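These numbers were taken from a predicted model, which means no experiment stands behind them. Labels below follow one simple rule: chain letters A, B, ... track the order of the sequence lines, proteins then strands, and each chain is numbered from 1.
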Protein chains: 2
Amino acid sequence: MLFKFHHALPCSQKPSFLLKDQWTKVMRSVNMENLRTGYLFPEISRREYEHSEKYPDAKIIKLGIGDTSEPIPDCIASAMAKQAMALSTVEGYSGYGDEQGEKALRKRIAEKFYKNMDVKWEEVFVSDGAQCDISRVQMLFGSHVTVAVQNPSFPAYIDSSVIFGRAGNLQEQNGKYERIVYMECTPQNDFFPDLSNTPRTDIIFFCSPNNPTGTAASASQLRRLVDFATANGSIIVYDSSYAAYISDGSPTSIFQIPGAKQVAIEISSFSKFAGFTGVRLGWTVVPKELSYSNGFPIVKDYDRIVCTCFNGASNIVQAGGLACLSTEGFQAVSKVLNHYKENAKILIEAFRGLGMEVYGGENAPYLWVHFPGSSSWEVFAEILEKTHILTIPGRGFGPGGESYIRVSSFGHRQTILEASKRLTSSLRKFNFN
Amino acid sequence: MLFKFHHALPCSQKPSFLLKDQWTKVMRSVNMENLRTGYLFPEISRREYEHSEKYPDAKIIKLGIGDTSEPIPDCIASAMAKQAMALSTVEGYSGYGDEQGEKALRKRIAEKFYKNMDVKWEEVFVSDGAQCDISRVQMLFGSHVTVAVQNPSFPAYIDSSVIFGRAGNLQEQNGKYERIVYMECTPQNDFFPDLSNTPRTDIIFFCSPNNPTGTAASASQLRRLVDFATANGSIIVYDSSYAAYISDGSPTSIFQIPGAKQVAIEISSFSKFAGFTGVRLGWTVVPKELSYSNGFPIVKDYDRIVCTCFNGASNIVQAGGLACLSTEGFQAVSKVLNHYKENAKILIEAFRGLGMEVYGGENAPYLWVHFPGSSSWEVFAEILEKTHILTIPGRGFGPGGESYIRVSSFGHRQTILEASKRLTSSLRKFNFN
């Protein structure tokens, strides 16, 4: 049975049930037509739903979508509750804030995450999350720009590139968009692309610690990346949403690399750092030193986009962000992070115990588990069927994810231990070659 | 002195201070280059700042940016505080929600605002605000689509159309973008465009009650609009963000007009309805009946965009939205709305007492005050200078706003009474011809 991701979806290209004389005369965007696959995560939810219908009594363990599980520390929740209540008072009420975010939060982000990196608070744009910022950054550029992504990578880089008209057609034979450059990241190259073989593009999406492979680029690797971008006049869109998970001293920001401010934008998030996946808070750093080919500062255009197409993150949520970056909040958040890191260790052991090659998990909440020769959708389905554990098929992260699955370490300890048990006992019975 | 809006801004076209060899090779988007004016509202803030520097002791009254002033009713703030605190418990914590919004809130919006209009909850997409949704709706379409807007209109329709490459060049002689159709709305046509003279476009942005003119389209006018769109196969993007202010029985939704579901999308907001300007919550209705020229349902593409480029509104904020739509919450919110409506009456009287023609204010929190023959930026500056009252020059809403100012009725009662006093006593001394 074939589990190619873009075949696994219901065909939605068919004309609708509507009468033809009721159709508008507005053409469907070619870009949307090119976006032939369903977005990965809703598809995983659909599979989960199907499974629960089939096995109504099964206790499904979700190690699929990277969704935080632990409560938000009290001091942070309290700060948001306090801000919400303040809005009900004459003195505490406030309406529109600055579209770019509250100055206090912008300053705190600059101080806390970019110490000694010369990032100024005016370069920090607070947002409702990294995924939203990926699209906002895309708005900066014309449809003519060329894009490179890690292969595998978080699907929003490619999907938003398609929506913004810079991907070209999907090629059935290899599952790649013709105008996108795929930078292969495999165990053989230590999950860092061979830049000597990478063609120049205008934009390079680069995620570290990487989602899905869970690997963090080292300082020397990032030095090469910045040099590559500088030599080519490219712009790196660096996604550091998982930086808080770095345990081995790898850089937590591209701006630790001297010269990066001339060639990089950094997108980051409170989602996985503080359990804000549903609360929604992120930020993007656009350095003043970064300019287009005519010398025009990109930060001015980004500011304009934020003011025109966005209207600031919720003031209640921003109060929570500020609380995360207080001494007490930061300590409390770190404790939760350690919980997830411990989870990752437990899961690594379980898969290694089964003799599998496991990557990631040390600097990221994701394990990248190799099933050489197998289809990742088949592995996904088999694990779900036999253990009721939801993972993500690597193929969902691009053709480079084939034969891998991504396993998330978010979950209560008991759940992770139960997952470890199920894997160990059930999967021994199977022979993934 | 000339106060043409797009000349009043600092020229930001100059090459940056950066050394040429540090520029990237990424071309600036032609679309962003076409966006030659500063976004209106930050520019107003800049003017306010300058004025406060010049008159440090003056008590500036802000009737400019339409920013709510009254506290959020306690039962709504409490619901958000409760949700924030719940996130700090094991039972109450939740991560990612549905990108489209929580089902309970989508249902409540459908029931409360679209009763008897056959709007299903699956057609309601909860968001972080109407301004953000304007751009998200733009993402649906290719850059080839043509756009019509009311003239004057809320700047985000035109500005986002420019960013998405469908506006063409700005024509210096008339301040209009060459590819945009401007539908003139004046007292002569009752602020409703002459559709018999309006060329067909793919998209028609239509805001009612209108920002800035404060006028609501009647049922018969909207009937003509829907017929016009149906005959042309156009899509109306209807902005009903101010619907809660309608007092004269005009339709509060385009979907009150039979047949509108085949031709319209509706964007709306909690901002002005519930004082959520800083809290951030809105929604967009994309009917299942609405399709492209090939019969493909637009709601499927919108769903895809919401899942790829957005990640849902904050769960804390959604709890507040739900509270607004409870019986108690709705009553409390209505009281605040009445406060603003009373404010509008006071301001209407003040301007009429000065012999000025005032439009709006009955169905919207905005007055549209006519100063025939005057430059709106000059009137804006003069009012600010003589009364320390901040308004908005009509020209900021497009060329059709020349010789008008928009006056917001958001404010504490005392402030509005003080504004009325200042206007009455100071403006008598001036002779706006």
Best-contacting candidate, [options], against chain A by heavy atom pairs under 4.5 angstrom:
options	result
B:Gly312, B:Ala313, B:Gly92, B:Ser69	B:Ser69
B:Ser135, B:Gly233, B:Ser78	B:Gly233
B:Ile316, B:Asp74, B:Asp301	B:Asp301
B:Gly66, B:Cys132, B:Gly142, B:Ala86	B:Cys132
B:Ser45, B:Gly320, B:Ser314, B:Ser94	B:Ser314
B:Ala79, B:Ala130, B:Cys309, B:Ala84	B:Cys309

Which bit of [X] comes within less than 4.5 Å of chain B, counting heavy atoms only: side chain, backbone, both or neither?
X	value
A:Phe410	neither
A:Val30	neither
A:Ala332	neither
A:Leu140	backbone
A:Thr68	both
A:Tyr93	side chain
A:Lys272	side chain
A:Asp128	side chain
A:Asn232	backbone

Interface moiety of [X] toward chain A, non-hydrogen atoms closer than 4.5 Å:
X	value
B:Val90	both
B:Val26	both
B:Glu70	backbone

Go through A:Val317, A:Ile235, A:Asn31 and name the one with the most non-hydrogen pairs under 4.5 angstrom from chain B.
->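 Among the listed options, the one with the most contacts to chain B is A:Ile235.
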Looking only at A:Gly259, A:Pro73, A:Gly95, the option with the highest number of non-hydrogen pairs under 4.5 Å against chain B is A:Gly95
Not counting sequence neighbours, which residues clear salt bridge (charged side-chain N to carboxylate O under 4.0 Å, His left out) with A:Arg200? List them please.
->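 Partners of A:Arg200 under the salt bridge (charged side-chain N to carboxylate O under 4.0 Å, His left out) test: A:Asp202.
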Are A:Trp23 and B:Ser291 side-chain neighbours, meaning at least one heavy-atom pair lies under 4.5 Å?
->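 Yes, close enough: below the 4.5 Å cut-off.
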Pairwise distance NZ(B:Lys62) to CG(B:Asp67) - rounded to 0.5 angstrom | 8.0 Å
Would you please classify the geometry between the A:Tyr157 ring and the A:Phe154 ring as parallel, tilted or perpendicular, with 30° and 60° separating the classes?
-> perpendicular
